[in-house]
Amino acid sequence: MDNLKFWIVDVFAEEKYNGNQLAVVSNTASLSAVQMQRIAKEINYSETTFITSLTEKSGGYDVRIFTPAKELPFAGHPTLGTAYVLQNQVIKQPIQNVILNLQVGQIPVTLDYSSDGVVEWLWMQQKPPTLHQVLTTNIVAEVLSLQSEEIDSRFPIQEVSTGVPFIIVPLKTLTSLKRIKVNKDKYWELIDTTDAKCILAFSPETYNPANDLSVRVFADYLGIPEDPATGSANGCLAGYLAEYNYGGKKSINLRVEQGYEIGRPSLLLLQAEKKDTGIQVNVGGKVILVAQGELV
């Protein structure tokens, strides 16, 4: 195997060494899925992406996403981080849009530039969310080691998907969010009965008063006990909030913090709106280049 270029970026990070780290490996068409999985396991970030086409195919760039444990059809921070690398390191032109060809389909990413021509924000338009089974409060409370009354009963605990399903859990307070400790036995019992294997819990109270919601995401099934910033999960959350008019609004425009509990504070911007074709979801954030090199 020839040496492969790679880049390390922080995604959903307002400054370096925050957000969610991502490794992006380029020109990997010659690699097998087994080799990609091996590299992702060796790097051991929550996800690693592999750009398998450096030219557009059907209007987009072919990309595969792997956790240390398995391949994913879609994930949020790898989508934004890979789009940034494609623009900044491969295309090297101030283009407005990059499309990634993922297993879930084509995901468009829009790039917003600052006045000095630097990419400031990236936005991905996710697939319209689909809402699935509603879960029992006491069972989910046991999984999270919480009391049932700590969960906001005005809204359902529900599986939601924009390509990868998540269990969305509404909490009343930041104190409850901080107290979560996943009961591993109860967790594995629960996900045996659900399509979603990962849990997003959120609170209307925040660490940073500039933000609107605080979020934690747990994904032991994917080999990620807690994720610092999860674009796919927050896309599901945006659709859920729009569906249930959370905060009395059908149109969602929120700043969401994640990763504070594990020392990787992150910021995600969520937009969602009900349309005739379904709920349109956009998730935005910043990407910062941290390092680059070659895999040998």
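What's counted below: heavy atoms across the whole structure, side chains too, no hydrogens, waters or symmetry copies.
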Joining Ile, Leu, Val, Met, Phe, Trp and Tyr whenever any side-chain heavy atoms lie under 4.5 Å apart, the cluster holding Ile262 also takes in none

Report yes if the side chains of Gln96 and Tyr113 come closer than 4.5 Å at any heavy-atom pair, otherwise no.
-> yes

Just list the side-chain donor-acceptor pairs under 3.5 Å for residues 224-239, sequence neighbours left out, or say none.
| from | atom 1 | to | atom 2 | distance (Å) |
| --- | --- | --- | --- | --- |
| Glu226 | OE1 | Arg216 | NH2 | 2.8 |
| Glu226 | OE2 | Arg216 | NE | 2.8 |
| Asp227 | OD1 | Asn20 | ND2 | 3.2 |
| Asp227 | OD2 | Thr230 | OG1 | 3.0 |
| Thr230 | OG1 | Gln258 | NE2 | 2.9 |
| Asn234 | ND2 | Thr230 | O | 2.9 |
| Asn234 | ND2 | Gln258 | OE1 | 3.1 |

Residues at least two apart in sequence or cross-chain that pass salt bridge (charged side-chain N to carboxylate O under 4.0 Å, His left out) with Glu189, listed by chain then number, are none

Any donor-acceptor pair under 3.5 Å linking the side chain of Thr194 with the backbone of Ala196?
-> yes

So with a 6.0 Å cut-off around NZ of Lys5, is the heavy-atom count from everything else above 12?
-> no

Contact summary for Pro170 and Pro156, nearest pair of heavy atoms = CD-O, 3.7 Å

Separation of Ile151 CD1 from Leu146 CG (nearest 0.5 Å) | 6.5 Å

Heavy-atom closest pair (Asn138 atom, Ser148 atom, distance to 0.1 Å) is CA-OG, 3.5 Å

In sequence, state the C-alpha distance, the side-chain angles, and the governing distance for Thr52 and Met36, and then conclude on side chain to side chain contact (heavy atoms under 4.5 Å, CB included).
-> CA-CA 11 Å; Thr52 61; Met36 293 180 192; 3.8 Å; yes

Under 3.5 Å, is there a donor-acceptor pair between the side chain of Thr206 and the main chain of Ser214?
-> no

Should the pair Tyr246 and Phe202 be assigned to parallel (<30°), tilted (30 to 60°) or perpendicular (>60°) ring geometry?
-> perpendicular

Output for pair (Ile252 CD1, Glu243 CD), nearest 0.5 Å, gives 11.0 Å

Around Glu42, counting heavy atoms of other residues, nucleotides and ligands shown, do more than 12 lie under 6.0 Å from its CD?
-> no

Within one Ile-Leu-Val-Met-Phe-Trp-Tyr cluster: Phe66 and Val63, side-chain cutoff 4.5 Å | no

Heavy-atom closest pair, residues Ala13 and Asn18 = CB-O, 3.4 Å

Looking at residues at least two apart in the chain, or sitting in another chain, which of them share a ring-ring contact (aromatic ring centres under 6.0 Å, His included) with Tyr207?
-> Tyr260

Would you kindly confirm whether Val164 and Phe218 end up in one hydrophobic cluster when ILVMFWY residues are joined by side chain heavy atoms under 4.5 Å apart?
-> yes

Answer yes or no: are there more than 12 heavy-atom neighbours, outside Phe155 itself, under 6.0 Å from its atom CZ?
-> yes

Test side-chain contact (heavy atoms from CB on, under 4.5 Å) applied to Ala23 - qualifying residues, sequence neighbours left out | Ile8, Ile43, Tyr45, Thr48

If we only count heavy atoms from C-beta on, is the Leu135 to Thr193 side-chain gap below 4.5 Å?
-> no

If two hydrophobic side chains count as joined below 4.5 Å and joins carry through other members, does Leu86 share a cluster with Val119?
-> yes

Atom OH of Tyr244 and atom CG of Leu131: how far apart are they, to the nearest 0.5 Å?
-> 5.0 Å

Please examine the side chains of Ser58 and Gln106, heavy atoms only from C-beta on, and report whether any two atoms are closer than 4.5 Å.
-> yes

Can you tell me how far the CD1 atom of Ile157 sits from the CD atom of Gln133, to the nearest 0.5 Å?
-> 11.5 Å

Can you name the residues that form a salt bridge (charged side-chain N to carboxylate O under 4.0 Å, His left out) with Lys184, not counting sequence neighbours?
-> Asp220

Under the 3.5 angstrom rule, does the side chain of Gln93 hit a backbone N or O of Gln87 as a donor-acceptor pair?
-> no

Reference residue Leu213; test side-chain contact (heavy atoms from CB on, under 4.5 Å); the match among Leu268, Leu254, Leu270 = Leu254

May I ask you to test the Met124-Phe74 pair for a side-chain heavy-atom distance under 4.5 Å?
-> yes

Is the number of heavy atoms from other residues, nucleotides or ligands under 6.0 Å of Lys70 NZ greater than 12?
-> yes

Could you go through the side chain to side chain contact (heavy atoms under 4.5 Å, CB included) check for Thr79 and Leu122 one step at a time?
-> CA-CA 10 Å; Thr79 298; Leu122 296 94; over 6 Å; no

Can you find a side-chain donor-acceptor pair between Asp116 and Ser114 that sits under 3.5 Å?
-> yes

Using the rule that two of Ile, Leu, Val, Met, Phe, Trp, Tyr join whenever any of their side-chain heavy atoms come within less than 4.5 Å, decide whether Val182 and Leu171 are in one cluster.
-> yes

Does Ile95 belong to the same Ile/Leu/Val/Met/Phe/Trp/Tyr cluster as Ile99, with side-chain heavy atoms less than 4.5 Å apart forming each link?
-> no

In a table with atom names and distances, give each donor-acceptor pair under 3.5 Å that connects a side chain of residues 283-296 to protein atoms at least two apart or in another chain.
| from | atom 1 | to | atom 2 | distance (Å) |
| --- | --- | --- | --- | --- |
| Gln292 | OE1 | Trp7 | NE1 | 2.9 |
| Glu294 | OE1 | Asn3 | ND2 | 3.2 |

Side chains of Leu200 and Val160: does their closest heavy-atom pair fall under 4.5 Å?
-> no

Take Lys127 and Ile107, measure what side chain to side chain contact (heavy atoms under 4.5 Å, CB included) needs, and give me the verdict at the end.
-> CA-CA 8 Å; Lys127 300 293 184 183; Ile107 301 294; 4.2 Å; yes

Steps toward side chain to side chain contact (heavy atoms under 4.5 Å, CB included) verdict (Val85, Thr49) = CA-CA 11 Å; Val85 168; Thr49 61; over 6 Å; no

Transitive ILVMFWY cluster of Trp123 at side-chain heavy atoms under 4.5 Å: who else is in it?
-> Trp121, Leu267, Leu269

With side chains defined as the heavy atoms from C-beta onward, is the minimum distance between Leu72 and Glu47 less than 4.5 Å?
-> yes

Inter- and intrachain pairs under side chain to side chain donor-acceptor pair (under 3.5 Å), touching residues 264-282, at least two apart = Asp10-Arg264

Do the non-hydrogen side-chain atoms of Gln158 and Ile168 ever get within less than 4.5 Å of each other?
-> no

Measuring from Thr82:OG1 to Leu100:CG, what's the distance to the nearest 0.5 Å?
-> 6.0 Å

Taking the side chain from Asp212 and the backbone from Arg255, do they hold a donor-acceptor pair closer than 3.5 Å?
-> yes

So, Gln103 versus Glu71: side-chain donor-acceptor pair below 3.5 Å or not?
-> yes

How many angstroms lie between OG1 in Thr130 and CD in Glu159, if you round to the nearest 0.5 Å?
-> 10.0 Å

Who are the salt bridge (charged side-chain N to carboxylate O under 4.0 Å, His left out) partners of Arg179, not counting sequence neighbours?
-> Glu150

List for me each residue that meets salt bridge (charged side-chain N to carboxylate O under 4.0 Å, His left out) alongside Glu142, sequence neighbours excluded, and say none if there are none.
-> Lys186

With sequence neighbours left out, the residues meeting side-chain contact (heavy atoms from CB on, under 4.5 Å) with Ser203 are Leu174, Leu177, Glu205

Closest heavy-atom pair and its distance - Gly81, Val11 | CA-CG2, 3.9 Å

